[in-house]
Amino acid sequence: MNFKPLSLYNTASKSKQEFQSLTPGIVKMYCCGPTVYNYAHIGNLRTYIFEDFLRRALEYAGYTVQHAVNITDVGHLTSDADTGEDKLEKGAKREGKSVWDIAALYTEEFMRDWERLNLLDPTVWPKATDHIKEQITLVQTLEGKGFTYKIDDGIYFDTSKFPRYGEFAGLDIENQEAGIRVAMAEGKKNPTDFALWKFSPKDVKRAMEWDSPWGVGFPGWHIECSAMAMKHLGETLDIHCGGADHVRVHHTNEIAQSECATGKPFATFWLHGGWLLESKEEGGGKMSKSKDEFVRLQTLINKHYDPLDYRYFCMTSHYRNYLSFGWSNLKSAKEGLTSLRKKTAPLINQVTSIESDLAHEWRDQFTSAICDDLNLPQALGIVNKMLKDINLMEGEKGALLLDFDQVLGLDLGKSDAPAKESFDTLDRELSSLLQERNEARKSKNFARADEIRDLFKEKGYVIKDGPEGAVLEKIQ
RNA sequence: GGCGACAUACCCAAGUGGUAAGGGAGAGGUCUGCAAAACCUUCAUUCAGCGGUUCGAAUCCGCUUGUCGCCUCCA
C-alpha cells in the first residue's frame with residue numbers, strides 16, 4: 001500500500017502539517033477516554049467519532065495503528081483547583097452503589113455506545129486503577145528530578161520549573177491571574193501547579209485509596225494518561241488526541257509532567273475535536289456532563305434514530321468546528337444517510353474491481369479530501385457526486401463505496417434498504433390483508449384498497465406499490 | 001473585565017487569492033387508479049456590514065455588528 005501524505009492540524013504548531021510517524025508504517029495513538037461516573041453524552045461521543053475517522057484514515061493510508069483509549073475509573077475532583085467533590089463518589093451516592101460498581105456500570109455503557117457507533121476497538125483500554133503502580137513510579141521520577149513539592153493535601157508539580165509551561169495552549173498566565181479569582185488549594189506555589197498524588201483526608205476512609213511512598217491516597221487526574229501512554233505506547237507518541245477542552249489544563253499538564261520525566265517530547269501531533277453545541281432551538285450553549293440533563297446515544301435511539309445516523313451527522317461538519325446539535329439537524333442527517341443507503345444497496349451486490357481511470361479519479365478525490373485534515377464533509381460531497389456520475393460503471397461504484405466505507409464506517413456493505421418486510425415474514429392477518437388489497441386494486445375497488453392502506457399505516461407500515469407488487473416499509 | 005473562535009441560501013455545511021461542493025427541506029416534472037418510493041430538473045451574480053490591498057477577495061488587512069466559547073470541571 002502506498003502511503004498517502006496525510007495533512008493534519010497540529011494544536012502544538014497551530015497549523016496543518018504533513019503527518020510523519022516516528023517508526024515507518026506504525027502510528028502510536030493515545031486518545032483521552034471517559035471518566036466513568038455517568039453516561040457519555042453525544043458531545044463526548046462526537047470526539048470519539050472524530051478519533052475513529054482519524055484511526056480509519058491512518059489505516060486507509062496504510063499505517064498500522066497502535067491505539068490506546070483510557071478509562072478513568074478513579075474519582076477525581078470536580079474542580080481543577082484540587083478542591084471539591086469526588087465525581088465517582090458523587091455518582092455512587094446518587095445511585096446508592098459502590099464506586100467500583102459505578103465505574104464498572106458506566107464502563108460497560110460506554111463500550112456499548114462505542115460498538116453501536118461502529119468505532120474500531122483500540123488495541124488497549126487501559127484503566128487508571130490498574131496502573132496505580134506506574135503512576136506512583138512516574139511521580140517518583142519527577143520527585144527524583146526535583147519537579148515536585150509536598151503540601152498538606154498532596155504531592156504537587158511545580159510548573160515554574162518547566163519554562164515552556166503554557167506554551168502549548170498559548171496561555172497567558174499572568175493575565176489569568178489578573179482575571180477572576182480562582183479558589184486554590186492552600187500551599188500551592190503557583191496557581192497552575194497541579195496534584196500528582198493526593199492524600200486521603202485523615203479522618204475519612206475513601207472508597208478508593210492506595211498506599212504510596214507519601215502515604216495513603218489516590219493519584220491526580222493528569223498523571224494517569226502520561227503513565228498509561230508511556231507504558232503501552234512508549235515515551236513519545238505519534239498522536240495524542242482528545243476534546244478541545246483538554247488543551248488548556250489536561251494536555252498542558254500532561255506535557256509538563258511527561259517531558260520533565262523523560263526529557264523527550266511527549267507527542268509529535270496533538271489533535272483536538274471541536275465541541276458539540278446545542279442549537280438555539282434546543283436552548284443553546286455547550287453540551288456538558290455536569291449539567292443535570294444531557295442527551296446520550298440511548299436518547300437518540302429512543303427517538304428511533306440509528307446510532308449511525310449520529311455518526312453521519314458528525315461527518316456533515318469538520319471535526320475542528322463547532323457543531324450545533326438540534327433534532328431537525330439530526331433528522332436531515334438521517335434522511336441523508338437513508339437515501340445514501342438506498343442508492344448503495346443495489347450497488348454492493350455487483351461489485352467489480354476498480355479499473356477505469358474515471359474510478360481512480362474519484363478515489364483520488366475522496367482520498368485528497370480525507371488526507372486534508374480529515375475533511376469528511378467534503379468527502380461526503382464527493383461520494384454523492386460519484387454516485388451521480390453516469391459514465392461510471394455500477395460495479396465500480398459499488399467497489400468505490402466499499403473502499404470509502406473503510407473510512408466512513410457506515411456499514412454500507414451490510415446495508416439493505418431499510419426495514420423492508422417480505423411477505424413470508426408477515427403474520428397471517430397482515431398478509432391476507434395485503435392480498436385482499438391487491439385483489440381490490442385489480443378489480444379497481446380503490447376505496448377498499450385505500451382503506452387497507454390506512455389500516456397498515458395504523459399498524460406502522462407504509463405500502464409502496466412497485467412494478468413487482470406492493471412492498472411494506474416500517475414507519476419509524 | 002481579560003482572551004479567543006466563528007458569521008456562506010429556508011436549515012446543515014465544504015470551500016483559505018482565480019470567479020460559490022454536497023446533504024436536508026422546498027418547487028416543477030416523469031411514473032402511479034391515487035399515494036408513497038424512485039428518477040430528472042430547479043433552488044446564493046453572491047459569502048454579516050463598511051472600508052482597504054490586489055489584474056482578481058467568501059478567502060488577506062482594518063473597523064463595525066452579531067453569535068458562541070474559555071478564564072471551576074468537562075470530549
Does [X] get its side chain close enough to the base of [N], under 3.5 Å, for a donor-acceptor pair?
{"X": "A/R248", "N": "B/C3", "value": "no"}
{"X": "A/D465", "N": "B/C34", "value": "yes"}
{"X": "A/R453", "N": "B/A36", "value": "no"}
{"X": "A/N329", "N": "B/G23", "value": "no"}

Considering Watson-Crick and G-U wobble pairs with both distances under 3.5 Å, what does [N] pair with?
{"N": "B/A75", "value": "none"}
{"N": "B/A38", "value": "B/U30"}
{"N": "B/A21", "value": "none"}
{"N": "B/C50", "value": "B/G62"}
{"N": "B/C68", "value": "B/G4"}

Can you measure [X] atom [atom1] to [N] atom [atom2] for me and round it to whole angstrom units?
{"X": "A/W221", "N": "B/U72", "atom1": "CH2", "atom2": "P", "value": "14 Å"}
{"X": "A/Q378", "N": "B/A21", "atom1": "CD", "atom2": "P", "value": "12 Å"}
{"X": "A/H318", "N": "B/C12", "atom1": "NE2", "atom2": "P", "value": "19 Å"}
{"X": "A/Y48", "N": "B/C74", "atom1": "OH", "atom2": "P", "value": "11 Å"}
{"X": "A/F366", "N": "B/G22", "atom1": "CZ", "atom2": "C1'", "value": "14 Å"}
{"X": "A/K464", "N": "B/C34", "atom1": "NZ", "atom2": "C1'", "value": "16 Å"}
{"X": "A/Y9", "N": "B/A14", "atom1": "OH", "atom2": "P", "value": "16 Å"}
{"X": "A/N38", "N": "B/A75", "atom1": "CG", "atom2": "P", "value": "11 Å"}

Side chain of [X] only, heavy atoms from C-beta on: which candidate in [options] is closest?
{"X": "A/K388", "options": "B/C34, B/G15, B/G23", "answer": "B/G23"}
{"X": "A/V462", "options": "B/C73, B/A36, B/A75", "answer": "B/A36"}
{"X": "A/K87", "options": "B/G33, B/A21, B/C74", "answer": "B/C74"}
{"X": "A/L276", "options": "B/A75, B/G15, B/G69", "answer": "B/A75"}
{"X": "A/D450", "options": "B/C34, B/A37, B/G69", "answer": "B/C34"}
{"X": "A/W275", "options": "B/C34, B/A75, B/A14", "answer": "B/A75"}

Span that lies between the [atom1] atom of [M] and that of [N], in whole angstrom:
{"N": "B/G28", "M": "B/A48", "atom1": "C1'", "result": "32 Å"}
{"N": "B/U46", "M": "B/A5", "atom1": "C1'", "result": "24 Å"}
{"N": "B/C11", "M": "B/G2", "atom1": "P", "result": "33 Å"}
{"N": "B/G26", "M": "B/C10", "atom1": "C1'", "result": "8 Å"}
{"N": "B/C34", "M": "B/C68", "atom1": "C1'", "result": "49 Å"}
{"N": "B/A21", "M": "B/G29", "atom1": "C1'", "result": "25 Å"}
{"N": "B/A36", "M": "B/G69", "atom1": "P", "result": "41 Å"}
{"N": "B/C70", "M": "B/A37", "atom1": "C1'", "result": "48 Å"}

Exercise. Check whether NZ of the Lys or CZ of the Arg A/R441 lies under 6.0 Å from the centre of the six-membered ring of A/F446 and within 45 degrees of that ring's axis.
Key: no
Practice problem: In plain terms, say whether A/D389 and A/K385 are close enough for a salt bridge, that is, a side-chain N and a carboxylate O under 4.0 Å apart. | Solution: no
Quiz prompt | Whichever of A/R437 and A/Y312 has its nearest RNA chain B nucleotide further upstream toward 5' | solution = A/Y312
Quiz prompt | 5' priority, RNA chain B, between A/K385 and A/T47 [closest heavy atom] | solution = A/K385
Exercise. For residues A/Y106 and A/N38, report the shortest heavy-atom separation together with the two atoms involved.
Key: CD2-C, 3.3 Å
Practice problem: Mind listing the closest non-hydrogen atom pair of A/I151 and A/G187 along with its distance? | Solution: CG2-O, 3.5 Å
Practice problem: If the plane angle is over 60° it's perpendicular, under 30° parallel, otherwise tilted; pick one for A/Y319 and A/F50. | Solution: parallel
Exercise. Give the ring-plane orientation class for A/H250 versus A/W221, where under 30° counts as parallel, over 60° as perpendicular and anything between as tilted.
Key: parallel
Quiz item: Taking only residues two or more places apart in sequence, or in another chain, which ones meet A/E335 in a salt bridge (Lys or Arg N to Asp or Glu O under 4.0 Å)?
Solution: A/K331
Quiz item: Are a donor atom and an acceptor atom from the side chains of A/T129 and A/D73 found within less than 3.5 Å of each other?
Solution: yes
Which part of the nucleic acid, if any, lies within reach of [X] when heavy atoms closer than 4.0 Å are counted: base, sugar-phosphate only, or nothing?
{"X": "A/I463", "answer": "base"}
{"X": "A/G273", "answer": "nothing"}
{"X": "A/N375", "answer": "sugar-phosphate"}

Quiz item: In B/S/- notation, 5' to 3', how is nucleotides 24-31 of chain B contacted by protein heavy atoms closer than 4.0 Å?
Solution: S-------
Practice problem: Establish, yes or no, whether a centroid distance under 6.0 Å links the rings of A/F269 and A/H240. | Solution: no
Quiz item: Are the ring centres of A/H272 and A/H251 closer than 6.0 Å?
Solution: yes
